[in-house]
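What follows is a set of notes on a single structure, which appears directly below.
What you see below is based on every heavy atom in this structure, not just the backbone, and it leaves out hydrogens, waters and symmetry mates.
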Amino acid sequence: SSRPRRRVNPGFQGQLKLYEAMGCAVDSSSALYKRYRLQMLTERYPELQDLPREVFAVDPTNLCQTPNTEVLYRCRKCRRALFRSSSILSHAEGSRPTAFAHKRITDSTQLVGDGHEKCTSYFTEPVQWMEPVLLGVMEGQLLCPKCASKLGSFSWRGEQCSCGRWVTPAFQIHKSRVDEVRTLPVGNFPAAKT
């Protein structure tokens with residue numbers, strides 16, 4: 001109050017809000033924390049070389065088995081495991097972009113509750129198989145490491161989701177290019193009667 005021109009650093013205020021949103025504990029598995037870490041990474045490594053290894057999520061093919069609670073996403077063409085549900089970074093839904101709205105189906109004619117989602121892509125944290133493509137490049141395509149079919153794109157500057165939200169940095173994989181694989185619990189089958 002003695003110095004009204006002094007203000008709290010906005011970066012520090014953002015960190016405090018993040019800390020509060022995570023329940024006043026640092027949760028490195030939180031999507032909020034992962035997104036914050038990626039944003040800070042682009043500021044610290046503007047040339048995008050020699051990124052720390054902990055930035056990349058573990059490639060699901062390197063794991064012996066995916067935990068039963070996680071959904072695995074595979075390439076629709078060759079079935080190679082690409083990422084797990086824990087690697088998806090959710091975002092708040094944005095207002096749809098107004099450009100080219102005349103070419104889109106209007107909300108009154110759109111089927112509501114019929115499986116039509118506003119977000120047509122998954123935004124993930126970078127996975128180990130993406131590393132050779134990401135280093136030293138600001139944007140490009142994400143191709144399947146096995147069959148080279150196009151899965152999506154990435155941009156360290158950010159990309160706009162189909163819902164209208166701008167996501168920075170963006171590692172976007174189209175939902176139409178991957179399949180969800182859910183594992184069934186082993187012990188829930190009824191015992192056979194003899």
Side-chain angles (χ1 to χ4, degrees), residues 21-23 25-39 41-42 48 51-94 113-135 137 139-156 158-163 165-191:
M22 290 190 301
V26 177
D27 180 11
S28 60
S29 64
S30 165
L32 294 171
Y33 180 78
K34 289 176 183 179
R35 185 164 307 284
Y36 170 76
R37 183 181 64 189
L38 286 171
Q39 289 171 347
L41 187 69
T42 57
L48 301 171
L51 296 173
R53 297 291 299 163
E54 64 268 4
V55 170
F56 296 95
V58 176
D59 190 337
T61 58
N62 294 343
L63 295 177
C64 297
Q65 187 177 5
T66 304
N68 287 344
T69 58
E70 283 200 276
V71 177
L72 186 65
Y73 293 86
R74 295 180 179 269
C75 174
R76 184 162 280 178
K77 188 174 180 181
C78 70
R79 308 295 298 152
R80 191 225 192 251
L82 298 170
F83 60 96
R84 295 173 292 172
S85 57
S86 61
S87 294
I88 296 175
L89 303 176
S90 59
H91 59 274
E93 186 177 297
D114 194 26
H116 288 83
E117 298 178 31
K118 288 189 176 185
C119 297
T120 59
S121 300
Y122 297 112
F123 287 88
T124 67
E125 62 183 326
V127 185
Q128 287 174 346
W129 60 264
M130 297 177 187
E131 185 175 6
V133 179
L134 301 179
L135 294 179
V137 182
E139 58 189 33
Q141 293 184 351
L142 290 175
L143 305 176
C144 176
K146 184 176 178 184
C147 68
S149 66
K150 184 177 178 189
L151 300 171
S153 59
F154 73 93
S155 175
W156 289 98
E159 290 183 353
Q160 189 173 27
C161 180
S162 59
C163 72
R165 174 68 59 191
W166 188 264
V167 180
T168 307
F171 306 96
Q172 181 179 23
I173 297 180
H174 301 295
K175 290 182 179 180
S176 63
R177 303 296 175 109
V178 294
D179 286 328
E180 279 187 12
V181 179
R182 298 179 186 268
T183 54
L184 295 172
V186 178
N188 288 351
F189 294 109

Checklist entry - Just how far is it from atom CZ of Arg76 to atom NE2 of His174, taken to the nearest 0.5 Å? => result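 Spacing of CZ (Arg76) from NE2 (His174) equals 13.0 Å.
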Checklist entry - Roughly how far apart are Gln172 CD and Cys161 SG, rounded to 0.5 Å? => result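 Between atom CD of Gln172 and atom SG of Cys161 there are 6.5 Å.
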Nearest atoms (heavy-atom pairs only) where [X] meets [Y]:
X	Y	answer
Cys78	Cys147	SG-SG, 3.7 Å
Arg182	Val71	NH1-CG2, 3.4 Å
Cys75	Leu151	SG-CD2, 4.3 Å
Val133	Gln141	CG1-O, 3.7 Å
Trp129	Pro132	O-CD, 3.6 Å
Ser121	Lys175	O-CE, 3.8 Å

Item to check | Derivation of the side-chain contact (heavy atoms from CB on, under 4.5 Å) call for Glu139 and Trp156 | outcome: CA-CA 6 Å; Glu139 58 189 33; Trp156 289 98; over 6 Å; no
Next on the checklist: Parallel, tilted or perpendicular, judged at 30° and 60°: which one describes the rings of His91 and Phe123?
Outcome noted: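 Rings of His91 and Phe123: perpendicular, as their planes differ by over 60°.
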Checklist entry - Between Phe154 and Phe171, what is the ring plane arrangement, given parallel below 30°, perpendicular above 60°, and tilted in between? => result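 The rings of Phe154 and Phe171 lie parallel, inter-plane angle below 30°.
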Checklist entry - So, does Ser162 use its side chain to make a donor-acceptor pair with the main chain of Thr120 at under 3.5 Å? => result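 Flag set: sc Ser162 to bb Thr120 pair under 3.5 Å.
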Next on the checklist: Set out, in order, the CA-CA distance, both residues' side-chain angles and the distance that settles side-chain contact (heavy atoms from CB on, under 4.5 Å) for Cys144 and Lys77, then state yes or no.
Outcome noted: CA-CA 9 Å; Cys144 176; Lys77 188 174 180 181; over 6 Å; no
Answer whether the closest heavy-atom distance between the side chains of [X] and [Y] falls below 4.5 Å.
X	Y	result
Leu142	Ile173	yes
Ser149	Arg177	no
Thr124	Met130	yes

Checklist entry - Among Val181, Leu72, Val127, whose side chain to side chain contact (heavy atoms under 4.5 Å, CB included) with Arg84 holds? => result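 Exactly one pass, corresponding to Leu72.
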